[in-house]
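Letters A, B, ... are given to chains in the order of the sequence lines, protein chains preceding strands, and every chain is numbered from 1. The analysis underlying the following values was restricted to heavy atoms, covering all of them including side chains, and did not include hydrogens, waters or symmetry mates. Just so we're clear, the structure is a prediction, and the values are computed from it rather than from any experiment.
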Amino acid sequence: MDMNEETSESRKLKCDDTSKCFQLLESILDGEIDNSKEVLKEKLAKCQPCFEHFHLEQAIRDVLKTRCTKQEVPTELADCIRQKIQEIK
Amino acid sequence: MSEVQRRKYSQEQKNAIFDGEFMPNIDSMYNFAYRLTFDEDDAKDLVQDTYLKAYRFINSFEQGTNAKAWLFRILKNSFINEYRKKSKQPAKVDYQEVETYYNSDDVDYQSTTDLRAESVKGMLGDEISNALNSLAVDFRTVIILCDLEGFTYEEMAKILDIPIGTVRSRLHRARNLLKDKLKGYAQHMGYDTDEEEN
Ligand SMILES: [Zn+2]
């Protein structure tokens, strides 16, 4: 689903209830709401602040998930743990 | 961990759970530990302690439940009880940040019109990591659990021993703080923002 295809002309520039809308959008992005596609489509088509908030929040989650540098796990750690477990068995 | 230890699993079963369900999470565990301690040796100790405790209390682990969440909870508790005290990381700045936030009367949910999705998408991994690492530990933790490790609100509530409502609001605050950091980077690096350069 491409959220960008709607033109911004049809959207209202002020959100009726930022608190409620943004909390809902964030819960949807976090995967906490089932069957959210229709609700989302309608919201993003109608409200500019919701549209912008959604895309910013989505971008932040995306970069956190995909681009956050991962620390390499020291190779000896797993062996070290197994050895310690053997000792207490 | 307060559960009474029952003799539930045989030695073979213990080995199977440990190797099959606990050890495969070592990468995530180490990364969590490193982002909590910012120190390679502390992170190693923390992960090792967690696995030793996990083995010792293996009878209180219910097979079929989320082993990763169970392990993360042990790690988080070990960090709070043992490592936070001797942490090399000064906490002064963090507390100030937390306090400002908890005491602010701002409406909780508001638009951040001066940070654009496009400038966030253009940022490097190191910038994202640094922004995350600069958050106070409680805020950093919820973002790690949710966005890096993919836990649900319910799992996070169990790992952190807080209500789901608190998970949601802490996560929201954490992301707002992160946005402020990223906004700073965006302006500094000359990424496109809505704000006029001063
Ligand atoms: Zn709206």
Side-chain angles (χ1 to χ4, degrees), chain A residues 3-4 11-34 44 47-89, chain B residues 11 14-15 18-19 22-23 26-27 29-31 33-35 40-41 43-44 47-48 50-52 54-56 107-113 115-132 143-144 146-148 150 152-154 164 168-169 171-172 175 178-179 182:
Chain A
M3 302 296 175
N4 287 309
R11 295 195 197 103
K12 51 187 164 55
L13 295 175
K14 205 170 180 310
C15 186
D16 297 332
D17 191 345
T18 318
S19 275
K20 217 174 130 197
C21 285
F22 288 7
Q23 187 174 347
L24 177 69
L25 291 175
E26 289 178 33
S27 299
I28 289 173
L29 279 169
D30 290 336
E32 293 293 318
I33 307 225
D34 297 328
L44 300 191
C47 177
Q48 186 64 21
C50 277
F51 180 86
E52 279 169 18
H53 188 73
F54 181 84
H55 284 286
L56 176 60
E57 289 285 323
Q58 191 178 45
I60 286 173
R61 283 162 181 75
D62 282 351
V63 294
L64 281 167
K65 199 179 295 169
T66 59
R67 227 173 289 170
C68 240
T69 350
K70 288 227 160 69
Q71 205 63 27
E72 203 157 316
V73 185
T75 43
E76 75 283 5
L77 183 58
D79 290 340
C80 206
I81 290 168
R82 285 181 204 283
Q83 203 181 334
K84 285 252 160 58
I85 298 290
Q86 280 303 327
E87 287 164 18
I88 61 167
K89 260 179 194 172
Chain B
Q11 190 58 54
K14 283 184 188 176
N15 293 345
F18 196 84
D19 289 335
F22 292 178
M23 285 310 271
I26 195 165
D27 288 15
M29 300 277 281
Y30 182 77
N31 267 284
Y34 189 84
R35 282 197 192 273
E40 213 171 286
D41 291 327
K44 278 200 286 196
V47 171
Q48 186 168 299
T50 304
Y51 273 105
L52 292 180
Y55 187 80
R56 219 172 282 139
V107 184
D108 206 5
Y109 288 83
Q110 44 179 273
S111 359
T112 325
T113 48
L115 179 64
R116 307 185 68 88
E118 284 66 34
S119 31
V120 172
K121 284 177 194 162
M123 283 181 188
L124 303 171
D126 279 351
E127 292 170 319
I128 312 289
S129 269
N130 289 343
L132 175 60
I143 288 186
I144 295 168
C146 187
D147 294 324
L148 274 58
T152 64
Y153 291 178
E154 198 185 344
I164 286 187
R168 188 183 291 115
S169 62
L171 201 46
H172 178 77
R175 292 207 180 99
L178 191 75
K179 276 184 243 175
L182 294 179

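- A:Ile60 pairs in a side-chain contact (heavy atoms from CB on, under 4.5 Å) with only one of the listed residues (B:Ile143, B:Ile128, B:Val120, B:Asp147), which is B:Val120.
- The number of heavy atoms from other shown groups lying within 6.0 Å of NZ (B:Lys14) is above 12.
- In this structure, the side chain of A:Thr69 does not engage the main chain of B:Ser129 through any donor-acceptor pair within 3.5 Å.
- Here the straight-line distance linking atom CG of B:Leu115 with atom CD of A:Glu52 works out to 11.5 Å at 0.5 Å rounding.
- When each of A:Lys70, A:Lys65, A:Glu72, A:Glu32 is scored by its heavy-atom pairs under 4.5 Å with chain B, the top score falls to A:Glu32.
- In B:Gln11, the CD atom is crowded: over 12 heavy atoms of neighbouring residues, nucleotides or ligands sit closer than 6.0 Å.
- Both the backbone and the side chain of B:Leu52 come within contact range of chain A, judged by heavy atoms closer than 4.5 Å.
- Contact record, B:Arg175 with A:Arg61: NH1-NH2, 2.5 Å, taken as the closest heavy-atom pair.
- Contact record, A:Arg67 with B:Lys121: NH1-O, 2.6 Å, taken as the closest heavy-atom pair.
- Only the side chain of B:Leu178 has a heavy atom closer than 4.5 Å to any heavy atom of chain A.
- Looking at B:Tyr153, the atoms closer than 4.5 Å to chain A (heavy atoms on both sides) sit in the backbone and in the side chain alike.
- Between the CZ atom of B:Phe22 and the CD1 atom of A:Ile85 there is a distance of 9.5 Å, given to the nearest 0.5 Å.
- Ranked by heavy-atom pairs under 4.5 Å with chain B, the list A:Val63, A:Asp30, A:Leu77 is led by A:Asp30.
- Taken to the nearest 0.5 Å, the CG atom of B:Leu148 stands 5.0 Å off from the SG atom of A:Cys68.
- The parts of A:Ser27 that come within reach of chain B are both its backbone and its side chain, each placing non-hydrogen atoms under 4.5 angstrom from that chain.
- Counting all heavy atoms, side chain and backbone alike, A:Arg82 lies closest to B:Asp19 at NH1-OD1, 2.7 Å.
- At a 4.5 Å heavy-atom cutoff, the contact between A:Glu76 and chain B is made by side-chain atoms alone.
- Within the 4.5 Å cutoff, side-chain heavy atoms of A:Ile81 are placed close to those of B:Phe18.
- Taking NZ from B:Lys179 and CD from A:Glu57, the interatomic distance works out to 3.5 Å, rounded to the nearest 0.5 Å.
- One finds the CG atom of B:Asp27 at 11.5 Å from the CD atom of A:Gln71 (value rounded to the nearest 0.5 Å).
- Between A:Val73 and B:Val47, every side-chain heavy-atom pair lies at or beyond the 4.5 Å cut-off.
- Options B:Ala43, B:Gly125, B:Ala33 differ in how many heavy-atom pairs under 4.5 Å they form with chain A, and the most are formed by B:Gly125.
- For the atom pair CD1 (A:Ile88) and OH (B:Tyr55), the distance works out to 6.5 Å, reported to the nearest 0.5 Å.
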